[in-house]
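Letters A, B, ... are given to chains in the order of the sequence lines, protein chains preceding strands, and every chain is numbered from 1. What you are looking at is a predicted structure, and each value in this text was computed from that prediction instead of being measured.
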Amino acid sequence: MFNFFYNSNIFIWIERVINFINSIFFALLLVALSFALIFSPPDYLQGDSVRIMYIHVPAAWIGLASFTCIALLSILNFIFKVKNFKLISKSIAPIGLMFTCIALVTGSIWGQPTWGTFWAWDARITSMLILALFYFLFILTQKLISDEDKANKISSIIAAVGFINIPIIKYSVEWWNTLHQPASIKITGTSTIHASMLMPLLLMFLVLILYCALIFLMKYKTEIIRIKKNNLKRL
Amino acid sequence: MLPKKVKKRAALLTAILFSSLIAIFIILKTLSSNILYFKSPTDIKNSQDNSINKKIRVGGMVKKNSLIISGAEIKFTITDFKNEIRVSYSGTVPNLFSEEKGVVAEGKLQDKKYFIADRILAKHDENYMPPELKEIIKKNVK
């Protein structure tokens, strides 16, 4: 099972993808940032502080998505002992933690002028903070526990338990009264965000996803090199 | 057929996940009233425990034409379109605070219909649009 993932001869492919992303990344970043910061209109109510959203929302999405990936890979890894999944989730974790922190920080910078407070212990914000803690625990167990098998087991369980938090974050704004507004972009039904603002948001999301891919591949490469250094031919 | 070890690990993980799911559900259930960031005027009307000296938050819409500013004191009505509550506050309000917009007031109840706030937070809704569009919508509604 999962034999495809055992292939450790993917070095060349990683290099190629990194080079490709590098060649388009800065051009795309420039386009997306100029749309987000200059060409998109200000909001009718918040004025220019709406521009914080173009970082905040993609960062939060990426924070949630990476933890979902980590949790699913960890569950598979825990049950089927696929060592490569451990490397992948280990490489994703710092990116997810960084973007979760970015979402929290930009959110509170946005909250001060709009809500009138930097921080509110409402369900959405608190559950997002718990997500950051789960990331932190996940990374810490792998760093601090020297016995690799044990670290792997414990971090997998942490990721699996933290997975329960993901739907709580998503639906917190619908289940409880929160200061945080409900989702503007819906998978089904019409979005309550105007097209002229949705476009730069999706562009920024694309750019940040590319950035994640870049960092992930570099991190993943180092993890493989580390294993190769220990004279292991296969993962 | 899966090996026995794999099955054992799967069962273990399912057990851990299931028990933590139940634990979290129970915790959220018991804390449910504390998780609510604010109470609506209807919640306050229906609740038995309205202790005057307890700090609570009330949230809803600022009712149209209810905002009165006299010197440093601001008075307005929070409504959830079923019940309402009169709020008195003195201090600064966030930029987004205005009539027919969401608001959360932090303070103490005087009685079921009167609330003295010591902090006002504006609640932003999920609508984002450029100012020109808002003008068009305003014109069409009128």
So [Y] and [X], do their side chains get closer than 4.5 Å, heavy atoms only?
| X | Y | value |
| --- | --- | --- |
| B:Tyr128 | A:Met53 | yes |
| A:Thr141 | A:Leu137 | no |
| A:Leu72 | A:Phe163 | yes |

Below 4.5 Å from any heavy atom of chain B, which atoms of [X] appear? Answer side chain, backbone, both or neither.
| X | value |
| --- | --- |
| A:Ile168 | side chain |
| A:Leu45 | both |
| A:Gln112 | neither |
| A:Ala183 | backbone |
| A:Val161 | both |

B:Ser88 versus B:Glu73, side-chain donor and acceptor atoms under 3.5 Å: yes
Donor on one side chain, acceptor on other, A:His194 and A:Ser196, under 3.5 Å: yes
Ion pair check, B:Lys64 and B:Glu99, cut-off under 4.0 Å: no
Check: B:Ala105 main-chain N/O paired with B:Arg119 side-chain donor or acceptor under 3.5 Å: no
Option passing ring-ring contact (aromatic ring centres under 6.0 Å, His included) with A:Phe67 (candidates A:Tyr135, A:Phe99, A:Phe138): A:Tyr135
Where does [X] contact chain A at under 4.5 Å (heavy atoms): side chain, backbone, both or neither?
| X | value |
| --- | --- |
| B:Leu28 | side chain |
| B:Ile35 | both |
| B:Leu21 | both |
| B:Lys5 | neither |
| B:Arg57 | neither |

Please determine, among [options], the option with the most heavy-atom pairs under 4.5 Å with chain A.
| options | answer |
| --- | --- |
| B:Arg9, B:Lys123, B:Lys8 | B:Arg9 |
| B:Ser20, B:Ala11, B:Ser40 | B:Ser20 |
| B:Thr92, B:Val104, B:Leu13 | B:Leu13 |

Shortest non-hydrogen contact from A:Met197 toward B:Pro130: CE-N, 4.1 Å
Option in A:Ala123, A:Pro42, A:Ser156 with maximal non-hydrogen atom pairs under 4.5 Å from chain B: A:Pro42
Residue selection (most heavy-atom pairs with chain B, distance under 4.5 Å) from A:Thr126, A:Ile164, A:Ile79: A:Ile79
Aromatic centroids of A:Phe80 and A:Phe85 separated by under 6.0 Å: no
